[in-house]
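Read the structure below first, then the notes.
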Amino acid sequence: MAGIEVSALHKRYPDGTVAVDHVDLSIRDGELFVMLGPSGCGKTTTLRAIAGLERQTTGNIRIGDTLVDDLPPADRDIAMVFQFYALYPHLRTRDNLAFPLRAEGLPKAEVRKRVDEAAGLMRLGPLLDRRPHRLSGGEQQRVALARALVRRPRAFLMDEPLTNLDAELRADMRTEIKHLQGELGTTMVYVTHDQVEAMSLGHRIAILNKGRVEQIGTPLEVYDRPASLFCAAFIGSPPMNLIEVEVADGKLRSQGGLALTPPPGLPRDRRLVAGVRPEALEVTEPGAERSVPARVVSAEWLGDEIIYVVDHDGQRDVRVRMPPTVRFTADAPVGLRHTGGPPPVYDVSTEELVA
Amino acid sequence: MALSVDEAVSTGPAGDHTPPSRRFGGRGRAVLEVALLTVLAVVMLFPVLWMIETSIKENRDVYAIPAKFFDFKVTMEHFKDVFVASGGGRSTLSASFLNSVLVAGVSTALATVLGVPAAWAYSRFAVKAKKDQLFFILSTRFMPPVVVVIPIFLMYRQVGLIDTKLGLILIYTAFNVPFTIWMMKGFVDEVPAEYEDAAMLDGYTRLQAFRRFTLPLLLPGIAATAVFALIFSWNEFVFAIFLTSSDDVRTAPPAIAGLIGGTTVDWGLVAAASVVFALPVLVFAYLVRKHLVAGVTLGAVRR
Ligand SMILES: Nc1ncnc2c1ncn2[C@@H]1O[C@H](COP(=O)(O)OP(=O)(O)O)[C@@H](O)[C@H]1O
Ligand SMILES: [Mg+2]
C-alpha cells in the first residue's frame, strides 16, 4: 500500500490538446480519493498517467517512495477498473480473475486461493464459469472489481466504474466499493463526474476544471465552502444560488435588500457574489420579519421536500429548499429570508473565494 | 402485448378486406422476381457450366456442330493432361499451378505479417500526420496494375527480378499490404484498447498484450483479409504475363492464357485447367463466407 504524489502534472497530446494543464495531488496512504469534474476536464488523462498508460509531458508521479515516471504500467503495482469493463471476452470469469496472477507467475494453488478469495468478496461464486457476454452489466462490473482485487495492488484506480449501470445498481455498488475499500485499507483514486457519487464515497475530493485543480477538501468542506464560482455551481443539487451582494455599514445585502449574515474580512470596493445554499433560504408569508418581497415562479415537489424557484428582484432562478408541509402556489407573492450562517463570498472578476 | 396482436389477427377482418388485385400483385411480383433471378442466374452461370461440361467432354464432342449439351461421352482425359505431360512426368501446367500456390501463398503471408501490426499501430498510436499517411498508403492502390507495369518492368530488369518468383511475390505483397492495413485497421478499431491497457496493468508488455488479447480477437478479420489478398494474388494476370516468361516461373493465369493461340486450341485442356484454377478460390470463399460479409461490412465500411 502506498500514497500517491502527483506534482505539476502537465499532459499535452500529440494533436496539441492540453488535457491536463497543471495538477498537484497528494493522495494519502489508505485514502479513498475522488477526482470530480465535468466531462473533458482531464480526469481520465490524469488517472492514466498515474497508471503509466499515458506518459505525462512534464511533472512527476510518485507511488509510495518510488518515482514511477519511467516505469511501465506493469511495474507500478496498481490495478485499474475501466468504465468499459475490459473483461477478456474469450475467458470465463475464473480465468479473467486468474489472469493477472498468472502473469506474475504465481503457483497454481496460490492463484486458486486468491481467485476464490476475491470471488468470495464480490460474491461471484455462481458466475465463475461464465464468459463475460453471459453476465449482466452489474455482474461484469463486479468481476472487473474482483480482478482488480486479486493482485492485492498498492493502489486502485477507478475510472467512472459505475457510469454504465442503472441508478439503483449504482447506489448498491457505491456502498459496496466504499465498504470494500474500508475493509482492505488500500489507497483508491476514484474518478467520476457525478457529484453525488463523489460526496458519498470520498474521504477527500479534488474538483477539476479544464485540466486544473479548483479545490481539494473533504466532502463537507467542499460543500460548505466551495473554493471558486465553478465549484459553487458544480456541487449540490440544486447548486448554490449565486446572488450579487454589496457591503454597506458592515452589512451584506443583495441588491433587492435581502440581508445575509456577513462573514468576517469582507473586502470593499469589489463586485461580490454570495453563494447561498437553497437550504439557507426560507420562503415566508409576504411581509414576514426580515424578509424581502419575492414571487414564486415554480415549485418542484420531490416528496420529502419542495424546491421553490422564486423571483427575487429580477433574479428569476433563486432556489429554496423547504419541507413538504410549507406550500405556496405558483405566482403567489411571498417573502424571502436568509436563515443560515455566513455564506461564502466570491469576487466576480477573479471567480475566487474572498471570504 | 403479444396477446393483443394475436387477437387482432384472429378476430380482425383485415385479411378478408385485402383487395384481390393486391394479393395477386404480391404473388405476381414474386413470380416476376423469381423469373428475373432465373434469367440472371442462367446468364451468369452458363459460361461456368459450359466450362465444366467442356472439361469432361471427349474431344470429338467438344468440337461437334451443332454443340452437344447432354449426350456426350464423359472423360477425365483433360484433367489428366492438366497434371501429366504427354510423354509422362509432370506437365508444365502443373508446374504453373505450383508456382501460383507458392507466389499467392507467400505474398499473402507476407502482406498479413507486415500489414496486421501496421494496422494495429495506426489504430492505437498517435502517429504524426496519420490521416495523410493512411491516404498515401491507400493511394498506391488507385492505379490499375497495367499503368505501373512498364516502370516496374524496367526497374525489375535493372535489379534482376525479371522472370523470378521472388519478383512476383514482392509486387503482390506490395499491392496487398495497403489493402491489409486498411481492412485490418477497421477490425482493430473495433477491439477496445482497454483490453491492452488492462493487460499492461496486469503485467504484460504492450506487444504481449497485443499478441495475447487483441490478436485472438482479430483472427476472423485476419482470415477474411488474407482470403481477399490470396484471391487477388491467385487471379493476378497483368504483372504475371509482363514480368515472367519461362515455364518454371510462370503462374497459372498466364500459363492457361498461353494455351489459347497457335493453330489449334485444345479447348478441353483449357476448360479443365480453368476448373482446376477456379476451385481453390471457390473453396476458400466458401470456407470464410461469413467472415467475408463481416469483413466487408465491419472492417472496411466503418471509419
Ligand atoms: N488520446 C487523445 N488524444 C487527443 N486528445 C485527447 C486524447 N484523450 C483525451 N483527449 C482530450 O483531452 C481532454 C481531456 O480528456 P479526458 O482526460 O478523457 O477527460 P475526462 O476523463 O475528464 O472526461 C479532452 O478534451 C479530450 O478530448
Ligand atoms: Mg473520462
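Chain letters run A, B, ... following the sequence lines, proteins first and then strands; every chain starts at 1.
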By residue number, those in residues 47-54 of chain A with heavy atoms under 4.5 Å from heavy atoms of chain B are R48(A), A51(A), L53(A)
Could you give the side-chain donor-acceptor pairs of residues 113-122 of chain B under 3.5 Å, partners two or more places apart or in another chain?
from    : atom 1 : to      : atom 2 : distance (Å)
W120(B) : NE1    : E196(B) : OE1    : 3.2
W120(B) : NE1    : E196(B) : OE2    : 3.1
Y122(B) : OH     : Q133(B) : OE1    : 2.5

If you count heavy-atom pairs under 4.5 Å between each of L87(A), D15(A), L101(A) and chain B, which one has the most?
L87(A)
Side chain, backbone, both or neither of R76(A) within contact of chain B (heavy atoms, under 4.5 Å):
neither
Under 4.0 Å between a Lys/Arg side-chain N and an Asp/Glu carboxylate O for D166(A) and R170(A)?
no
Cut-off 4.5 Å, heavy atoms of chain B, and the answer for F82(A) is side chain
Mind checking what makes salt bridge (charged side-chain N to carboxylate O under 4.0 Å, His left out) contact with R102(A), not counting sequence neighbours?
D95(A)
Pick one of side chain, backbone, both or neither for P14(A), based on which atoms fall under 4.5 Å of a heavy atom in chain B.
side chain
With a 4.5 Å heavy-atom cut-off, do D129(A) and T93(A) have their side chains touching?
no
Checking A193(B) against chain A: side chain, backbone, both or neither under 4.5 Å from a heavy atom?
neither
Pairing residues for R12(A) by the side-chain contact (heavy atoms from CB on, under 4.5 Å) criterion, not counting sequence neighbours
H10(A), V18(A), T57(A)
Contact between R206(B) and F125(B) at the side-chain level, heavy atoms closer than 4.5 Å - yes or no?
yes
I'd like to know if R123(A) pairs up with E176(A) as an ion pair, taking the criterion as any Lys NZ or Arg NE/NH1/NH2 lying under 4.0 Å from an Asp or Glu carboxylate oxygen.
yes
Answer yes when R55(A) and D70(A) have at least one side-chain N-carboxylate O distance shorter than 4.0 Å, and no when they do not.
yes
